[in-house]
Amino acid sequence: MAHLQEKCCFVYNIVEQANDGIVIAQDSVFKYVNPKFAEMLGYSVDELLETSIQSCIHPDAVALVLERQRQRLATPDACPSVYENVLKHKNGRDIHVEVNARVIPYQGLPAFLAVFRDISARKQTEEALQASEEQYRTLVNSIPDFIYCLDREGRHTAVNQSVCQALGLEAHDIIGKNHYELGFPDKIIRQWKKLNRQVFIKGTVVKAETQTPMPDGAIHTYEIVLIPVFNKKGIVTSIQGISRDITEGKKMLLALRESEEHFRQIVELLPVALFIHDGGEILFANTAAFKLIDMDEPQSLLNKPIKNFLHHKHKKAFTQTFQQVLSKKVNTKTFITKFVSTLGTTVDVELILSPFTYQDNPAVQIVAFDISKIKKMEEDMSIADKLESIGILAGGIAHDFNNYLATLLGNISLAKLYINSPERIYEKLDNMEKASLRAKYLTQQFFTFAKGGTPVRELMRIDNIITDSINFALSGSNVRCQLSLAEDLQAVEIDKGQIGQVLDNIIINAIQAMPHGGNIWVKAENIYINNEHLYNEHIMPTPEGNYVSISITDEGMGIPEQLKQKIFDPFFTTKPRGSGLGLATAYSIIKNHQGTIKVESEVGVGTTFHIFLPSSCKPVPTSTAEDSIIYGTGKILVMDDDGELRRTMGEMLSTLGYEVHFAEDGSRTVALYRNAKKTNRPFDLVVMDLTIPGGMGGKHTLKKLLKSDPAAKAIVISGYHDDPAISNFKKYGFISAMRKPFSLKELSIVMDQAINLSGRQK
């Protein structure tokens with residue numbers, strides 16, 4: 001009896017410690033459950049005892065369980081003792097189990113002993129495998145390439161849908177048959193057999209191309225890959241084959257080879273380097289990439305930051321751009337930079353950065369285009385555009401110069417006829433002088449547009465300049481001007497010639513906008529601009545302060561809205577013979593005067609130009625000298641390389657009462673100046689040209705003069721209006737400056753002011 005108890009205790013312990021769930025059920029109620037079964041369902045043992053087994057079985061499986069219990073009670077061998085079922089966890093989760101059930105006596109009555117093994121993980125694996133197989137089958141059948149398997153006798157054991165479609169057969173019509181039975185020609189079959197033998201004998205992958213006749217009668221070229229399949233003993237038991245139709249590709253390749261030389265240069269212009277880069281280093285680089293940086297092999301680039309190969313000026317900006325793309329704040333970003341190769345050379349590149357996932361991690365794909373040749377082409381194109389622009393500009397300048405030359409020649413011809421009428425000769429000479437001054441302003445216009453033409457400013461009132469421009473522009477026209485000038489107009493610091501250009505251009509444009517005549521309204525007044533000013537904010541200058549406001553209004557055809565933004569662009573014009581230079585020059589001049597020019601226009605109503613020039617409360621110097629020629633005395637040295645100009649200036653200065661001496665370059669000037677000083681007959685003033693071709697110009701010459709005589713006084717003259725020595729002459733040691741050409745009156749004023757200085761001004 002003790003032995004039996006010991007044995008029962010041993011069995012009980014095994015059941016209690018078992019890794020499978022074990023239960024005894026009687027009349028569909030749990031009479032015994034081991035701890036593993038309770039744990040499997042998420043209950044305690046006490047919660048399950050005396051409860052219905054149906055509460056723990058999936059509802060869809062209850063009927064099956066009850067039916068099998070009935071069958072086992074009637075005939076124990078009527079149904080399998082081992083089967084799969086689904087239990088229900090306490091939290092509602094399904095538990096797939098393998099059940100081993102049998103009938104046993106329990107307390108004198110029939111009962112069921114069942115062992116439950118959790119196979120949920122296995123079921124998931126099986127389902128995943130089944131899904132994978134189905135996915136693989138779907139994928140293989142969707143591939144356009146031929147995929148098939150052959151046994152050692154050459155029979156097909158599997159084919160995809162592409163094979164079936166090509167042969168016009170179903171899979172069951174192909175499987176189990178060899179190529180002879182499928183009707184392929186003997187010649188191609190012998191070639192295939194030879195390839196198959198290589199796979200079976202060598203056990204290696206074989207690649208080849210074959211010419212194969214298909215049921216449609218056409219001969220196709222296929223690229224074949226034969227892969228050996230081994231058994232556990234390492235013996236090749238079958239072949240997996242992949243055949244790709246490359247007929248069209250071969251044709252394209254042949255065509256490409258025929259035209260390869262023709263397109264070689266184009267292809268060389270399109271090298272594409274590809275990098276894949278995470279936040280710290282290059283993960284992948286293709287052949288073009290390492291060639292671009294002159295690396296020996298792609299591996300040389302790996303595990304290095306790409307910014308190591310960027311120009312140092314661009315590294316910070318590139319890092320910011322890279323992080324934007326890596327974080328997907330932008331989809332694509334373009335970055336222009338330079339690659340520095342391992343040889344130290346630089347290459348202009350355009351980088352296109354796009355977000356990318358590489359090995360399940362965020363990265364950035366970088367495509368690099370070598371744009372060195374493109375940039376060179378752009379530079380060449382830019383030069384061509386500039387040459388075309390110069391041609392347009394030259395045409396406009398030539399047109400206006402011809403008008404002035406026509407005026408000059410006409411008046412010269414008339415003056416010769418009026419030799420006995422001094423009054424009429426003087427009238428023609430006056431006309432010639434005005435035409436020459438207009439030609440002078442035209443060259444100033446060219447310089448202003450071309451290089452900015454820094455204005456030489458004087459404090460003055462603008463009344464007379466406005467009046468002169470109106471009278472000049474309206475002469476001979478059918479347009480009338482309504483002029484309104486404030487009596488208390490403040491002074492402005494301006495370049496008289498440049499501001500005259502601006503007014504001339506705008507008034508002439510207004511006249512041309514009214515070919516059948518009309519009215520122009522010109523108004524000038526003082527205004528103070530601040531944030532609360534009542535004027536239209538779109539035409540007001542942005543800096544606050546005092547301004548002289550000049551508005552010029554016509555009643556012409558107006559400017560369309562789409563053209564208003566372009567009227568100040570260089571070379572933009574709507575006139576058949578226009579140069580597109582006038583308003584562009586006006587804009588440049590006003591800007592250089594720290595002013596503002598704006599336009600308002602309405603089609604069919606007219607146009608108004610608004611000019612704002614900063615004004616000054618300083619008193620305007622009074623001078624009567626501007627109204628007449630000023631004569632003087634003194635010893636003058638003129639330096640200029642042009643002999644004709646030296647003679648003309650000599651005559652002008654002699655007429656004004658000065659003693660004149662000449663030098664053709666800086667070296668001669670310095671020698672004459674020093675010699676005159678040694679003989680106690682020094683020069684009172686030196687007038688020197690700024691530029692002497694092949695010799696020492698004005699700035700260098702003055703330095704030498706001041707070195708030997710710190711009290712030397714000099715005036716600089718030049719035809720280059722943009723040189724800072726003209727606009728800022730004091731900085732270079734000169735006491736005054738003149739722009740060529742100039743009149744006798746202008747020369748007399750400058751000479752009088754310079755010769756009568758008590759000492760050299762700095």
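In this text, all values refer to a predicted model and were calculated from it rather than measured experimentally. Side chains are part of it too, since the values below use all heavy atoms of this structure and drop only hydrogens, waters and symmetry mates.
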Crowding at CD, Glu170 (>12 non-hydrogen neighbours, <6.0 Å):
no
Between Glu67 and Gln71, is any side-chain donor less than 3.5 angstrom from a side-chain acceptor?
yes
Could you check whether any side-chain N or O of Asp245 sits under 3.5 Å from a backbone N or O of Tyr222, counting only pairs where one atom can act as donor and the other as acceptor?
no
From CG (Asn19) to CD (Glu39), nearest 0.5 Å
9.5 Å
Kindly indicate whether the side chain of Cys164, heavy atoms from C-beta on, has any atom under 4.5 Å from the side chain of Ile174.
yes
Looking only at atom types and distance, does a side-chain atom of Ser120 sit under 3.5 Å from a main-chain N or O of His96, one as donor and one as acceptor?
yes
Taking Ser243 for its side chain and Asp145 for its backbone only, find out whether a donor-acceptor pair lies under 3.5 Å.
no
Ser44 side chain to Asp46 side chain, donor-acceptor N/O pair below 3.5 angstrom
no
Return yes if a side-chain donor-acceptor contact under 3.5 Å exists between Ser354 and Gln365, otherwise no.
no
Identify each donor-acceptor pair in which a side-chain atom of residues 21-36 lies under 3.5 Å from a protein atom, sequence neighbours left out, and give them as a table.
residue, atom, partner, partner atom, Å
Gln26, NE2, Tyr106, O, 3.0
Gln26, NE2, Leu109, O, 3.3
Gln26, NE2, Pro110, O, 3.2
Lys31, NZ, Glu50, OE1, 3.4
Tyr32, OH, Glu16, OE2, 2.4
Asn34, OD1, Ile22, N, 2.9
Asn34, OD1, Phe37, N, 3.0
Asn34, ND2, Val15, O, 3.2
Asn34, ND2, Asp20, O, 3.0

Evaluate whether atom NZ of Lys307 has more than 12 neighbouring non-hydrogen atoms of other residues, nucleotides or ligands under 6.0 angstrom away.
no
Going from CZ on Phe146 to CZ on Arg244, what distance comes out if it is rounded to the nearest 0.5 angstrom?
12.0 Å
Can you say whether the rings of Phe318 and Phe335 are parallel (under 30°), tilted (30 to 60°) or perpendicular (over 60°)?
perpendicular
Flag, side chain of Gln323 to backbone of Gln320, donor-acceptor distance under 3.5 Å
no
Does a side-chain N-to-carboxylate-O contact under 4.0 Å join Glu127 and Arg122?
no
Side chains of Lys123 and Glu84: does their closest heavy-atom pair fall under 4.5 Å?
yes
Rounded distance (nearest 0.5 Å) linking atom CD1 of Ile366 with atom CD1 of Ile282:
7.5 Å
List the residues meeting salt bridge (Lys or Arg N to Asp or Glu O under 4.0 Å) with Asp348, not counting sequence neighbours, and say none if there are none.
Lys338
Any chance you could lay out the side-chain contact (heavy atoms from CB on, under 4.5 Å) test for Val86 and Val97, step after step, and finish with the verdict?
CA-CA 6 Å; Val86 182; Val97 292; over 6 Å; no
Determine yes or no for a side-chain-to-main-chain donor-acceptor pair under 3.5 angstrom, with Lys315 supplying the side chain and His311 the backbone.
no
Hey, does the side chain of Asn85 reach the backbone of Leu64 with a donor-acceptor pair shorter than 3.5 angstrom?
no
Decide yes or no for Ile188 and Gln191: does some side-chain heavy atom of the first lie under 4.5 Å from some side-chain heavy atom of the second?
yes
Point-to-point distance, once rounded to the nearest 0.5 Å, from CG of Asn100 to CG of Leu113
8.0 Å
Between His58 (side chain) and Asp60 (backbone), is there a donor-acceptor pair under 3.5 Å?
yes
Residues Tyr358, His277; criterion ring-ring contact (aromatic ring centres under 6.0 Å, His included); working and verdict
CA-CA 9 Å; Tyr358 185 76; His277 199 295; over 10 Å; no
Close side-chain approach of Phe309 and Val349, heavy atoms under 4.5 Å
no
May I ask you to test the Ile104-Arg102 pair for a side-chain heavy-atom distance under 4.5 Å?
yes
Given 3.5 Å as the limit, does a donor-acceptor pair link the side chain of Lys88 with the main chain of Gly92, or not?
yes
Would you say Thr221 and Glu209 make side-chain contact, with heavy atoms under 4.5 Å?
yes
Has Arg68 got its NZ or CZ under 6.0 Å from the middle of the six-membered ring of Tyr83, at an angle within 45 degrees of the ring axis?
yes
